[in-house]
Amino acid sequence: MVDTETTRTIVGVLGNILALGLFASPIPTFIKIYQAKSVEDFKPDPYLATVLNCALWCIYGLPFVHPDSYLVISINSAGLVIELIYLIIFFIYSPFSKRRKIIIALVIETIFIICVVVIALQVFHTTKDRSMIVGILCIIFNIVMYASPLTVMRMVIRTKSVKYMPFTLSLANFCDTVVWMIYSLLKFDVYILIPNVLGAFSGLVQLILYAIYYRPTQWDTTARETQLFYA
């Protein structure tokens, strides 16, 4: 009979695989951006939020913060690199206003991460206390990450179009968070459980919106978009 720890490892590996799918799901979006040589109406918010989220989870998974969390740190390290690549592409094809926003956000996020590391190491002296403070921050900013698609969802409802809400991203988000919910329950970890419950709910709402507004969506390329595509 498989013990709980082995089951948790298997679920964690599955979570890593699904999370890679989640991180890779925007690839079609960035292919479109590259082809159009423009970010059009796409927003950098989800990618900026995910960079911060991955960085915090990398800190959480460190042995001197939360031992036995190698599956957490492995996938979030990979995610951090992938999201930074997305932001570089987004930056290249963005107008100045969006470039400035990206730079300011990344500078603020970097300063914040450095502060978290210093405070966790200098102020808190046990892994339990470090796990608590970093875990709480992970929950807060995971909520920010899952709330960031709200801007896109609001656009979907207003325009009755899911053109700028990639289905693959929503589906990958929902599946991944469900798996990590199971992972957190097998060896109860409230800091992983709470954000993934919220993430699963966010993903489910996006899938519902996609089902509602898929038919009304105008998928044909407009004249404006055609000009952007061949610019």
Side-chain angles (χ1 to χ4, degrees), residues 1-23 46-84 105-149 172-204:
M1 190 172 180
V2 181
D3 59 68
T4 302
E5 193 61 38
T6 302
T7 302
R8 189 170 183 263
T9 300
I10 293 171
V11 172
V13 170
L14 177 60
N16 270 238
I17 294 170
L18 288 173
L20 278 176
L22 174 61
F23 291 131
Y47 312 107
L48 289 167
T50 307
V51 163
L52 179 58
N53 178 70
C54 287
L56 283 171
W57 282 112
C58 284
I59 297 171
Y60 182 82
L62 293 173
F64 50 81
V65 175
H66 194 79
D68 302 321
S69 298
Y70 57 91
L71 288 172
V72 174
I73 195 172
S74 63
I75 187 56
N76 283 286
S77 297
L80 181 60
V81 172
I82 293 171
E83 296 298 324
L84 287 173
L106 287 177
V107 169
I108 292 173
E109 288 180 3
T110 301
I111 294 172
F112 178 76
I113 289 298
I114 292 172
C115 290
V116 170
V117 172
V118 171
I119 292 172
L121 293 179
Q122 298 299 319
V123 178
F124 300 93
H125 304 293
T126 66
T127 55
K128 181 178 179 181
D129 290 340
R130 290 170 181 168
S131 295
M132 179 187 69
I133 186 62
V134 178
I136 290 172
L137 289 174
C138 285
I139 290 175
I140 293 171
F141 288 99
N142 239 103
I143 292 173
V144 172
M145 188 188 76
Y146 292 131
S148 63
N173 170 61
F174 177 72
C175 293
D176 182 59
T177 50
V178 169
V179 170
W180 283 106
M181 281 171 54
I182 297 171
Y183 175 88
S184 65
L185 288 170
L186 288 170
K187 186 178 179 180
F188 190 71
D189 189 329
V190 68
Y191 304 117
I192 295 179
L193 177 62
I194 292 175
N196 282 289
V197 169
L198 296 173
F201 178 74
S202 173
L204 181 60

(request) Tell me, with the steps shown, if I59 and V116 meet side chain to side chain contact (heavy atoms under 4.5 Å, CB included). (result) CA-CA 9 Å; I59 297 171; V116 170; 4.2 Å; yes
(request) Report the C-alpha separation of I111 and V107 in whole Å, then their side-chain angles, then the decisive distance to 0.1 Å, and conclude whether the side chain to side chain contact (heavy atoms under 4.5 Å, CB included) test is met. (result) CA-CA 6 Å; I111 294 172; V107 169; 4.0 Å; yes
(request) Kindly indicate, with the supporting measurements, whether the criterion side chain to side chain contact (heavy atoms under 4.5 Å, CB included) is fulfilled by C58 and L62. (result) CA-CA 7 Å; C58 284; L62 293 173; over 6 Å; no
(request) Apply side chain to side chain contact (heavy atoms under 4.5 Å, CB included) to the pair L80 and V51, showing each step before the final yes or no. (result) CA-CA 6 Å; L80 181 60; V51 163; 3.8 Å; yes
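Around CG of D68, the count of heavy atoms belonging to other residues, nucleotides or ligands within 6.0 Å does not exceed 12.
Here S131 pairs with H66 under the side-chain hydrogen bond (donor to acceptor under 3.5 Å, both in side chains) rule; sequence neighbours left out. Judged as a side chain to side chain contact (heavy atoms under 4.5 Å, CB included), and not counting sequence neighbours, the contacts of I82 are L20, F23, Y86. In this structure W180 satisfies the side-chain hydrogen bond (donor to acceptor under 3.5 Å, both in side chains) test together with D176, sequence neighbours excluded. Scored by the side-chain hydrogen bond (donor to acceptor under 3.5 Å, both in side chains) test, N76 finds no partners at all (sequence neighbours excluded). R8 is linked by a side-chain hydrogen bond (donor to acceptor under 3.5 Å, both in side chains) to Y183, counting only residues two or more places apart in sequence or in another chain.
Closest approach of E109 and A49 over heavy atoms only: OE2-N, 4.4 Å. The minimum heavy-atom distance linking C175 with L18 is given by the pair O-CD1, 3.9 Å. The two atoms that bring A120 and R130 nearest to each other are O-NE, 3.2 Å, heavy atoms only.
Within the structure, ring-ring contact (aromatic ring centres under 6.0 Å, His included) contacts touching residues 105-134 (residues at least two apart or in different chains) are F112-F141.
Partner of W57 under the side-chain contact (heavy atoms from CB on, under 4.5 Å) criterion, out of P195, S69, S77: P195 alone. Each of V190, V197, N196 was evaluated against I194; a single residue qualifies, V190, per the side-chain contact (heavy atoms from CB on, under 4.5 Å) test.
Put simply, CD1 on I182 and OG1 on T7 are 11.0 Å apart, with the number rounded to the nearest 0.5 Å. Rounding to the nearest 0.5 Å gives a distance of 11.0 Å between OG1 of T9 and CG of N16. Note that CG of L52 is 9.5 Å distant from OG1 of T110, once rounded to the nearest 0.5 Å. If you take OH on Y60 and CG on L137, they are separated by 12.0 Å, rounding to the nearest 0.5 Å. One distance of note links CG of L121 with CZ of F64; it measures 5.0 Å at 0.5 Å rounding. Considering CG of L185 and CD1 of I192, their distance stands at 10.5 Å, rounded to 0.5 Å.
For the pair C54/T50, a side-chain contact is recorded, criterion being any heavy-atom separation below 4.5 Å from C-beta on. Under the 4.5 Å side-chain criterion, counting only non-hydrogen atoms from C-beta, I133 is not in contact with I119.
At least one donor-acceptor pair closer than 3.5 Å links the side chain of T177 to the backbone N or O of N173.
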